[in-house]
Amino acid sequence: MIQSDQFLPYGRQTITQSDIDSVIEVLRSPFLTQGPVVPGFETGLSEKVGADHAVAVNSATSGLHLACLALGLGPGDWLWTSPITFVASANCARYCGAAVDFVDINPYTGLISAPALEEKLIQAEKDGVLPKVLIPVHLCGTSCPMEEISVLAERFGFFVLEDASHAIGGRYKGQNIGSCQYSDICVFSFHPVKIITTGEGGMVTTNCPQLAQRVVDLRSHGIIKNVQRFELPPNGPWSYEQQDLGFNYRMTDIQAALGLSQLQRLDEIVDKRQQIHACYHSLLVDLPVRLLQIPNGVFSSLHLVVIRLLESDSEHHRTVFEGLRKSGIGVQLHYHPVHLQPYYRRMGFEEGDYPEAESYARNAISLPIFPGLEYSDQERVVHSLSLLLSN
Ligand SMILES: *Cc1c(COP(=O)(O)O)cnc(C)c1O
């Protein structure tokens, strides 16, 4: 229950007694990490989303990094993504020494635009700079146009890595996000603001056994323990081989216990988010704002509820934003366009490069949504918003 004078964050975790019990059980067990619970969480998640393989990692950022490496991304390659995302969707290319470019968004959905992508691919083919990897980002938990993207991937020969950090529990054309029906590999985040949490954590799903094995190997230093896979003759029963330069990106059993427990409630959590979204839909109907659209055939997990202010400019946007914050409503902008971050500007990106993304950032506001949000909280949000919009 949230008091009316309390600050409403835009998102927050829900922890139940059974979540707590599951974590305590691990704390009392012999294994805090590399025990049986991580594989249990991986199996549970792969069954839930319908993927052949799921590999747990310590964050979605690590998952994106390993997925890029598994796809062979490296120096001289290009990775494309949306400018309206968290910086990690672009940074993963930089970790691999690859270059980043962006594709503008569809202003109604906030998602990467398939026509803009096609146009850019046609030009890139002429210029000989086709991407090796595309990262469609399922902003708000709403799936990108994956069918169109997979057709383009086939035609132009690039890999598709879904950044599904917002999207566990979502569906596209009847398929669960994470089933990789239209992609090579997919990454989820379990940061506390996301749909389900492990504190920090992520999961990589794929139907390709080779990609899954690469991610498993690189997650733990590039060390191989299976003698069958050794490059050299084993020098004793104590031996393992480091065959590649990997990392320690492992998830702990403590985290996996929380994740597995939360996963049992996934449908319930997404249902609640659907209800909250529907309430916003009716509460906002008379205001000069527009919710981001959810295309036909897409079931969104509704990680975020984003409105766009109509007939607005950046100054008005800022005023409304600050006004909501002053009334204790933790609105956010998801996201300031990645290409306008100082790090990316130093690579030559500038204002005007992606007009739809930049216009989005001048009038988008994420409203609070999380399972514990009450209807009265929503009324309060919309009331404050309507006062600010009538000024
Ligand atoms: C949260 C998020 C990430 C990074 O997730 P972590 O688990 O915090 O590393 C990546 N991409 C998007 C779109 C996100 O929202």
Side-chain angles (χ1 to χ4, degrees), residues 1-3 6-51 53-63 141 164-171 176-179 186-205 215-216 219-220 248-276 301-304 330 368-375 377:
M1 194 80 57
I2 314 265
Q3 301 300 307
Q6 261 188 335
F7 188 79
L8 273 182
Y10 79 86
R12 74 148 61 127
Q13 73 276 15
T14 318
I15 301 292
T16 63
Q17 189 58 46
S18 65
D19 292 342
I20 294 168
D21 294 343
S22 308
V23 170
I24 289 173
E25 203 177 310
V26 172
L27 290 173
R28 296 209 162 106
S29 80
F31 295 103
L32 299 187
T33 192
Q34 294 177 285
V37 189
V38 167
F41 183 33
E42 291 172 333
T43 305
L45 190 134
S46 65
E47 284 171 359
K48 181 76 190 164
V49 304
H53 307 276
V55 185
V57 283
N58 61 358
S59 71
T61 303
S62 304
S165 293
H166 300 181
I168 194 160
R171 292 197 290 276
N176 293 318
I177 305 287
S179 66
C186 176
V187 175
F188 294 114
S189 171
F190 307 127
H191 182 276
V193 296
K194 309 293 163 81
I195 306 273
I196 60 170
T197 190
T198 59
E200 296 279 358
M203 190 79 79
V204 182
T205 65
V215 174
V216 168
R219 168 178 69 175
S220 205
N248 178 353
Y249 282 171
R250 294 188 302 263
M251 178 182 280
T252 66
D253 278 42
I254 305 167
Q255 293 167 305
L258 180 55
L260 188 54
S261 176
Q262 295 239 319
L263 185 64
Q264 318 305 316
R265 293 203 308 283
L266 177 60
D267 296 340
E268 204 179 297
I269 290 170
V270 174
D271 278 354
K272 181 69 200 190
R273 288 176 172 275
Q274 292 281 335
Q275 281 168 29
I276 293 170
S301 62
L302 292 165
H303 166 56
L304 301 171
I369 182 168
F370 50 88
L373 192 73
E374 305 278 335
Y375 186 71
D377 299 322

Does any part of the side chain of [Y], heavy atoms only, come nearer than 4.5 Å to the side chain of [X], both counted from C-beta?
X	Y	value
V49	F188	yes
V55	E42	yes
E200	F190	no
F41	T198	yes

Pair [X], [Y]: side-chain N/O donor-acceptor within cut-off below 3.5 Å:
X	Y	result
Q255	T252	yes
T16	R265	yes
D271	Q275	no
D253	T33	no

If only atom types and distance count, is the side chain of [X] paired as donor or acceptor with the main-chain N or O of [Y] below 3.5 Å?
X	Y	result
R273	L302	yes
R219	A56	yes
D377	L8	no

**Study point:** Residues forming a side chain to side chain donor-acceptor pair (under 3.5 Å) with T14, sequence neighbours excluded
**Key:**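 Partners of T14 under the side chain to side chain donor-acceptor pair (under 3.5 Å) test: none.
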Practice item. Under the side chain to side chain donor-acceptor pair (under 3.5 Å) rule, collect the residues that match up with S46, sequence neighbours excluded. Key: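 So S46 forms no side chain to side chain donor-acceptor pair (under 3.5 Å) with any residue.
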**Study point:** L266 and K48: CA distance, side-chain angles, deciding distance, side chain to side chain contact (heavy atoms under 4.5 Å, CB included) verdict
**Key:** CA-CA 9 Å; L266 177 60; K48 181 76 190 164; 3.9 Å; yes
**Study point:** Candidate pair V193 and H303, rule side chain to side chain contact (heavy atoms under 4.5 Å, CB included), full reasoning
**Key:** CA-CA 8 Å; V193 296; H303 166 56; 4.3 Å; yes
